[in-house]
Amino acid sequence: MSLLSGPEGPAADAGWEHEHERKGFFTDTSICIGCKACEVACKEWNRNPIDGNLEILGSSYDNTGELGANTWRHVAFIEQSQERIEEARESGRKLVSLGMPGIGPKSSGTRGALPAGDLSSSDLTPPDTPEFRWLMSSDVCKHCTNAGCLDVCPTGAIFRSEFGSVVVQEDVCNGCGTCVSACPFGVIERRDDGTISPFAHREDKVERMGTASKCTLCYDKMVDGQEPACSATCPTQSIKFGDHPDLTAEAQQRVTDLHERGMTEARLYGANPKDGVGGTGSVFLLLDEPEVYGLPPDPQVPTKSLPQTYATAGIAAAGMIAAVALSFLGSRR
Amino acid sequence: MSITDFDADRPPQPPRRRRRGGGRRRRSLNEVGMGDGSREGAVVEDVEFTRSDEFDSYYGRPVVKAPPWKGPIAIYLFLGGVAAGSGMLAFGAQCTDRPVLRRNARLTALGTVGLGTLALIEDLGRPERFLNMMRTVKVTSPMSLGTWIVGGFASFSGVLGALEVDRMTGQRLPLGVLRPLLGAAEVPAALAQVALAPVLASYTGALLGNSVVPTWEAGRGHLSYLFVSSASLAAGGAAMVTSPVAETGPARLLATAGVVGDVVSMNRMKESMHPLEAEPLETGRPGTMLKWAERLAIAGGIGTVLGGRNRWIAAASGAALLTSSALTRFGVLHAGLESVKDPRRVIEPQKARLAARRASGITDDSISTSG
Amino acid sequence: MAEAHPVAFQWVIEAKKRGARVIHVDPRFTRTSANADRHIPIRAGTDIVLLGGVIRHVLDNELYFKEYVQAYTNASTIISEQYADPEDLDGLFSGYHADSGTYDNSAWAYAGDEDSIARGMPERDETLQHPRTVFQLLKRHYARYTPQMVQDTCGISPEDFEHLATSIAENSGREKTTMFAYALGWTQHQGGAQMIRTSGILQLLMGNMGRPGGGIMALRGHATIQGSTDIPTLYHILPGYLPMPKVGQDDFAEFTRAIGKKEQKGFWADADIYTVNLLKAWWGEHATAENDWGYHHLPKLTGAHGTYQTTMRMLEGGVDGFFLFGQNPAVGSANGRLQRLGMSHLEWMVVRDFYMIESATWWRDGPEIESGELTPEQIATEMFFLPAANHTEKAGSFTQTQRMVQWRDQAVEPPGDARSDLQFMYELGCRIREKLKDSTDPRDRAILELTWDYPVNEHGEPDAEAVLAEINGRHLSGEKAGQPLASFGEMKGDGSTLGGCWIYTGVYADGVNQARRRRPGQDQDETAAEWGWAWPANRRILYNRASADPQGRPWSERKKLVWWDEEAGSWTGHDIPDFPLTKRPDDPGDPSQGGVAALSGTDAFTMQSDGRGWLFAPTGMVDGPIPTHYESPESNIRNPLYAQQSNPTRVTFQDEDNLSSPGAMGAGGEVYPYVFTTYRITEHHTAGGMSRFLPYLAELQPEMYCEVSPELAAEVGLEPYGWATIISARSAIEAKVLITERMKPLQVGDQVVHQIGLPFHWGQGTEAIVRGDGANDLIGMNLDANTQIQNSKNNSCTLIPGRRPRGPERGELVESYRRRAGLIMSEDPAVDGAAGAPGAGPADGSVPHEVRGPEEASAVPSGERSMKEMKDR
Amino acid sequence: MAGMARITFLDWPVVRQLRGADPTGRGTSVTSARTRDTAPRTGSADGVADSICPYCAVGCGQRVFHKDGKVIQIEGNPDSPVSRGRLCPKGAASQQLANSYLRQTKVRYRRPYATEWEDLELDTAMDMIADRFIASRRKHWEDEDDQGRPLKRTMGIASLGGATIDNEENYLIKKFFTAAGAIQMENQARI
C-alpha cells in the first residue's frame, strides 16, 4: 500500500480496472484569445454561481480573479512590456539549457501532421521581440497525479475517477475544508457564498453549498463519452481535451515548434511526471514563469512528506508519554 | 550561449533596453496596479530597487488558499490538547491512586473532547453530514485518522466520565444492569484512553503540517512537538485549576515540561523557516497572540514551579497556562490563514528550494520544462 | 476579430499555425492584436491614407497582379474629360455643389458615347497609358500617399508601413491571396464607405477578389444583420436591394430602368423582372400588368428617412408611434440623449424584447430622469412592453456574415405572453386589416389587397417556412404552377411567377428548405456547400470566375476554385460558378442583347454594368469615385493633403444637443484635445440587451471603463482603476480607468495624439445586472453621406479625473465646456462648430448638409448603398 | 447522515477498502451510489433542436437541449462547418438568455404620465396597438408632396430593429409597413 500512486497511473492505483486512458487538458496559452468562453461554458454546464461584487477587479480584463469554488475555469490577463518579454525568453532558454526532462522531440523532423497547404516552411524568421504583449491563459484544476485534496479528504468525498481525474462527490462532502489547505495550486475551495442571480433574486437553488468544489473534468459528461464543456467551446482550441499521453506529446511538439520560431519563452507546465505532484492531468504551455500566471513555481503535494510528518507526530506523542510518565515518577509521594 | 540545436539559427540578441527610470519599483503587498499583474504600475513614480527585491505574482493574488477554518477549529485544537493531556493525567492518577485528580481529569477530558468535537462539527460546511467522517479510514489523511482518534478517545472518555459521575452522585445514574458492565470497562477504557491520548495531542500537528499553507507547511516538522507541549501545559494547568495541590504534583511537573517544550519548539520551528514563512508568526494579530502565549506560558511555568503548592497560585498559574495554550492554537491557526494572503510566501520559498535543488544537480523534477 | 467574433477567429489561428501572417491595424491593442504577428496602431480615421499608401506602393513598384487587373478591372477604362481629381481641386472632385454639399456624378462618367457606356463598352486603352485611364488616374491620385505621408497622418512608422505593404504584396498573386477583414472600425466614419472602397481597390489591384482566401470580409455583428439588409427593414431599399421609389418616379418602366437598363451587362439588366416578382408576391392577384403590378401602392421617399432623421422628426413631434424589435436605441444609437428625448415626444411606443432594456424604461430611470430634467409625470408616451420569443422558441432563418442562410428549429414554446415577431406582425396585420375591411378609402387599398394569409399552428404562430417559400417564389401558371422557383433565372416578368426576394430564390428549391440542410462539415469539403444555403444560388464566393485566368484555367493549383472544363463545355469547380455555366472564356459576348448574354467570357464581375471590378466608381458613391482622405470634423489635425478638411458631403443635424467641436478648424478645438473611439468587447453584445441581463456575462465585464495610455494618465492625473469623466460636445460620462500600454500615444507630425478607448455596452437604468454610462451619449448624429451611418469611431473629447456630477450639474458641466469652445451662441444654435463663433466655422467653406435620399439602385447588391440629395425635409 | 443510512454494511467504504482494489480509499471504494449513477443532464432531455447562435453574424451552430418545455442546455454543434462546435462566451451563455431570472414573460403597459408599469392582457394590448397604428397612420398621412406628386405614405409610424430577429420576420415587417405606407423602418445595419 503506497501512499503515492505508482507508475501505473493514478486511475489504476485508485482501484479502477484500466479501461480508460487517462484524460486531461492541454491548455496552449500561446493561442488563447482571452474570450472567457471556457469560464461561461463551465458555469453553464455546472450551474455554478457568479463571483464577486460586479466591480472591475483591477487586473486588466480579468474580473473573476482566480479559480475557486464558483469559478472552475479562469482566464488570466497579463500585460507585459519589452524587457519582461526578453526576460521570459531568457528564462525559457535557461530551462532548455537544463536539458530537462528531455522527453520531447528536439527537432522538427517529425512535425505533427499538418494539413495540406502548410506554409510554415515559408517563413521561419524568429519574430522580433515585440514591444508589448498581452498574455492570456485559461487556468483550471490540474487533476494532479498525486492530488493533495484527494489524499487528505477524510470522508472519501473526493475520489480518483476511472479517467484519472479528481472529482468531488457533492453528496458526500461535509465541508471540512481540509482539501483546501492541501492543494498546492489553490484550486479547490468550499462554496460558502455565491448566487447565480444577483441582487434581490436569490431564490435560485445553488448546488454544492457548503461543500468543496472544483473542476470535475465534467465527469458527468465524460461518463457519457462527451467532452468537457470548456474545451468543447474553446474557439481556438487553446484548450484541448484528450488522452493524456497524446496531449503531452502534442504539447511537446508545440513547444518545439515555437522554439524553432525563436519563441524560447515557451515552456510546459505539468508535463513532468517527476515533479512535486507527479505531473498534472492538465498540462499548460506557458510563455513566462509560472508565478506570472499565478501558478506556483515548485508545487509539492503535502502527502509526499507525510511519512516524515507522521513520524514527527509519533515522536511527539512518545515524548508526551514520556513526559507524563516522568511527571508521575518524579512526584512520587 | 549556445544551448540547443536551433540556437545557431537565431539572430544575435539586441542589447537590453533599460526600463524607464532605470529600475523597478517594488510593489507593496496589497497593491494592485496596472495591467501587468506583476511589476508594472509605476506610472508616475519610479523608485530604484535591486533585482532581488522584485517578485512575480498575478496581481498580488494568493497562489494557494487557506482552509475555511475559523475560531472553532482553534478551540478544537486547544480543547483536544487539554483532553489528551487530561486523559493521560487521569490514567496516571488512577495508577498512582490520586482519586480527585483522576476524577477531575477524566471529567475534564470528557468535557473538553465533547466540546471540541462540537466545535469541529460547527466548523463544517455541512454539519449535518459530520458522520461522513466515518465513511472511510484514510491513512493519507490526518483528518481521517484524527477523526477516528477523536471518536475513540471521546467514546472511552464517555465511559470513564459516566463512571465518575455515577460515583459522584452515589450511583444515582439510571444505569440499571449496565452498571456492572461499566465498572468492568473502567480498566480497558482507561487503557484505551491513555493509548489514544498522545496521538490525539500530536496528530493535529500533522493535520496542519500536511498542507500547503506556507507557515504550516514550513512548520511541518515541528508543529506536533509544539502541540504536545501545549497540550501538556494546558492539561497540567487544567488539573491545577480543578484539583487540590496535594494531588497535582505530576500535573505541575507535566505543565512545567510543557512550558519548556512549548517555548523551545516554537522557537526552533521559527528558526527553521524561510523568513517569509515565519513572519506571520511574529507579526500582526497572530504574532501578538503568540507573544502573549509565550509570556503566559513562562509566567504560568514560573508560577507552577515557585508557587504550585499554593492552591490559589496554582489555580492562577493553571489558568495562565490554559490561556497560553488557547492563544498558541489561535495564533498558529491564524498565522497560517494569514500566510496565504501574500503570494510571495509561496513563491519565494518555492523558487528558493527549486534553485537549491538545481544547484545541487537535481534538474529533472521541475514542473516547468522546456519540452 | 478575436474580440467581437471569437469563433470565427479559430480560422485565423489555424491559418497562422500554417504560416499565414496576421497583421492587425487598430488604434488599440486588442485581443486580436495579442494574437496577431504584428499590431499596427493607427490614428483613428486615417485608413484611406494607409491603404492609399499601399496602393501607391504596389502601383509604383509594379507589384499589382497585372493580368488580373488588365482582364477583370476597369483599369483600362477612360474617364470623361469632365473629371477632375482632388489633387487638382484641393480636396474636391469635379461636380461639387457647395450650396447643397453634394456632387453631380455625371462629372465622373466613363468616356464614350452614351449607348456604348450603357452597354458596358466605354472607351478603353488596354496599354493603360492614356492619362485618363482609371489606372493612370489612380496612380496620380495616390502619388502623394507616401510612407512619409502615412507616418505624418496615421502615426505609423515607416517600418510598420513597410511590413504591411510588403506583406500584402508578397502574399498576393497567383499562389497566394490576402484577405481583409473589417467591421465598424471602417464603417462608422464620415467617409467610412470610402475606407471600405479603398480596400476594394487594393484587393482588385492585387487580384484578391473572387478567389479563395481573398476578398473583403465584413464582420457583421448581429445574427441576421445581413438578412435584414437583404430582406431589409431599411427605409431605402426593397428586398433584394431593389430601391424604394422616390417621389416623382411614377412611371414603373422608368423606375426599373433606373435600377438596371435592359442593354447593360450582367444580372441587373433584369431588375424589372425582379421587381415584378416582388410586387406579385405582395399584392398577388391584385398585381397585374394593367396596374403596373401594384407599383403605385408603394410609398415614395423624399429624401433620407434613416433612423437619425426619424429621431429628429420625433423631436419635432412628427412621429406618433414607434416599434422596437430587439433594439435598444437609448443605449445603442448615437447621441443617446436625443434618442431618449425623441422617444419622450412619441404618443405611443411598442418595445418587443426579452428584458426590460433601457429603451423600455428611459421614462422612469433614464439619465434625464436622474438629472431631474424630466419626470415620468411629464412624459406622455404610452408604453407597451411585449415580451418576445427568443431564438429557441421559434423557427426561422438567420443570414450570417458570409450571406449564408441558416435555419433554426424550434425547441420549446415561448413562455407566458412571449410571442415571436412573426406572430406579432402577422397578428397585428390581421387585426388592422380586419378593422379596415369596410374602408373605401383609397389609401387603405394597399393594405387590404396585400397577400396576408399564412398558415398558423394551434398557438397562432405562422409557419415560418411558408414565409420562406414566398420569399423564394413560385410558379403561378404553366405546368409548374405552384412549384417553388429553383433560381431567379426562372423568374418571369409577365406575372407567371412571384418571388419576395430574388436573390434568395433557390433557398426553397424543390420545396425543400435548403437553409435547413445540415450535412456535417466534417463529411464535406471545405466549401461545405450542403450546410445551409448562401445567396445567390448557394454560391459561397462571389465573382469566383475571377479565380481562374482569362483563359479559364485556375491561377494556380493551390488557389483553384472554379475553372472552365473544355470537355464538358462548362464552368465547374469547388463552388457554384458565378458565371453563365456554358459561356466559354473566349466568348466575346453579345452586346446587342444586353444582360447575361452581353457578358464576355472574361467579364467576371457579373453584377457590374460593364462586367468589370471597379477601381474607379463612376456611380454608386456620393462622395467621389476614388477614395480620398479627409479628417473627421472634430479632428484636431489639419488635413495634410488638402485645404478641404472634412468630407464635403457629410451629413449632420442642427440641434443644440448635437454640437461638434471645430477641431483643427477653430479655436475651440483645443477644449476637446483627445480622440475617443468606441468598440465592442468579447463579453458583451452591442447595447447590452442580450448580455448585461445575463449573470454569467455581466460578471466578466461588470463596469463601464475607458482605456488610456500611461502617458495620457500622467498628463491628466488619472489613478489606475479610479474614475474619469469624459466630456464631448454632446455629453459627459464617467468610466473606470484602465491605464494600459495597449493604448499608445501617436506622433502625428509635430503633434502627439492621445486616443481613448470606450466600449459602448453599458447604459444607465435600473433593470440590468450591470449598468453604467453609455459611450454613445458622447457621440453626435453626424453621418456618412453614402450610408447615413454615424461616425462613432473618431470624435473628440476631454478627460478629467473623478466621477461626473449628478443631477443638473452634469448638463452644466457639458455646457461649460461648450461655452469655452465657443459652441454656444445666443440664438442660431450652432452647426458643426458654431457658425458665428470666432474662428470656429469650417475654414474650408463646406457645410455639412442635413438630409439625403437614395439615388439609383446600387450597382452591386451587397455593395454600398448609394444616395444623393433629393430634397430638404 | 442521509447518505449512510440507506446503504448496507457491505457498501460501507471502510469495508470496501478492506475488500477491494482500493485500500487507500481514493477511488472505487469511496464512490457513492449517486456518483455511480452519474449521467449528463442532457441525457434526460426530451429532445435536442438544431439552432443557430443569436448573437453576432458568424452564425455558429447550436444544439438546444430541452426538457419539459424548458431549455436545459445549449452547446455548440460540432457538425457546423462555420463553428465546428465552438461558442464564444455569449453563445455559451445563451441558455441563460432564455432562462435568466430577468426574462420578461408578461405584457407590461405604462399609460401616459404614469409612474409605474401595469399589467395588460396580450389580446387587449394587440388591439390597442392596432387602433393606434391606424390612427397615427391617418394623422400623419401624406398623399402627395407640395408639387402634387404622389407620396402615399405616413410619417407617423416608425420602427427600429430587425438584425436580431429572423429573415421571415423582417419580410413580414417590411411587407406590411410598406403596404401601410410607413417608410421609416430601420435596423442595426444603419447604426
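Keep in mind the model is a prediction, meaning the values are calculated, not measured. Lettering of chains follows the sequences in order, A, B, ..., and the numbering in each one begins at 1. What's counted below: heavy atoms across the whole structure, side chains too, no hydrogens, waters or symmetry copies.
Look at D/Arg108 and D/Asp119 and you find a salt bridge, because one of the NZ, NE, NH1 or NH2 atoms lies within 4.0 Å of a carboxylate O, short of that distance. In summary, D/Arg16 and D/Asp22 do not engage in a salt bridge, as defined by a charged side-chain N under 4.0 Å from a carboxylate O. A salt bridge links D/Arg153 and D/Glu142; the closest N-O separation between the charged side-chain nitrogens and carboxylate oxygens is under 4.0 Å.
With chain A as partner, the option from D/Thr35, D/Ile74, D/Ile72, D/Thr42 having the largest number of non-hydrogen pairs under 4.5 angstrom is D/Thr35. When each of D/Ala39, D/Gly76, D/Gly25, D/Gly20 is checked for heavy-atom pairs under 4.5 Å with chain A, D/Ala39 comes out on top. Your options are A/Gln169, A/Gln237, A/Lys221, A/Gln226, and the one with the most heavy-atom pairs under 4.5 Å with chain D is A/Gln169. No other option in D/Lys90, D/Gln96, D/Glu75, D/Arg41 has as many heavy-atom pairs under 4.5 Å with chain A as D/Arg41. Chain A forms more heavy-atom pairs under 4.5 Å with one residue of D/Ser100, D/Ala93, D/Cys88 than with any other, namely D/Ala93.
Interface remark: A/Ala41 contributes backbone and side-chain atoms alike to the contact with chain D (heavy atom separation under 4.5 Å). Using a 4.5 Å cut-off between heavy atoms, A/Glu227 makes no contact with chain D at all. For A/Ile33, no part lies near chain D; criterion is any non-hydrogen pair under 4.5 Å. With a threshold of 4.5 angstrom between heavy atoms, D/Ser83 does not approach chain A through any atom at all. Only the backbone of A/Cys234 has a heavy atom closer than 4.5 Å to any heavy atom of chain D.
Note on ring orientation: taking the six-membered ring where Trp is involved, the planes of A/Trp134 and A/Phe77 are tilted (angle from 30° to 60°).
Proximity of a side-chain donor or acceptor of A/Ser238 to a complementary backbone N or O of A/Asp28 within less than 3.5 Å is detected. Looking at D/Asp46, its side chain does come within 3.5 Å of a backbone N or O of D/Asp68 through a donor-acceptor pair.
The side chain to side chain contact (heavy atoms under 4.5 Å, CB included) test with A/Cys183 is passed by exactly one of A/Leu150, A/Leu67, A/Ile188, A/Val301: A/Ile188.
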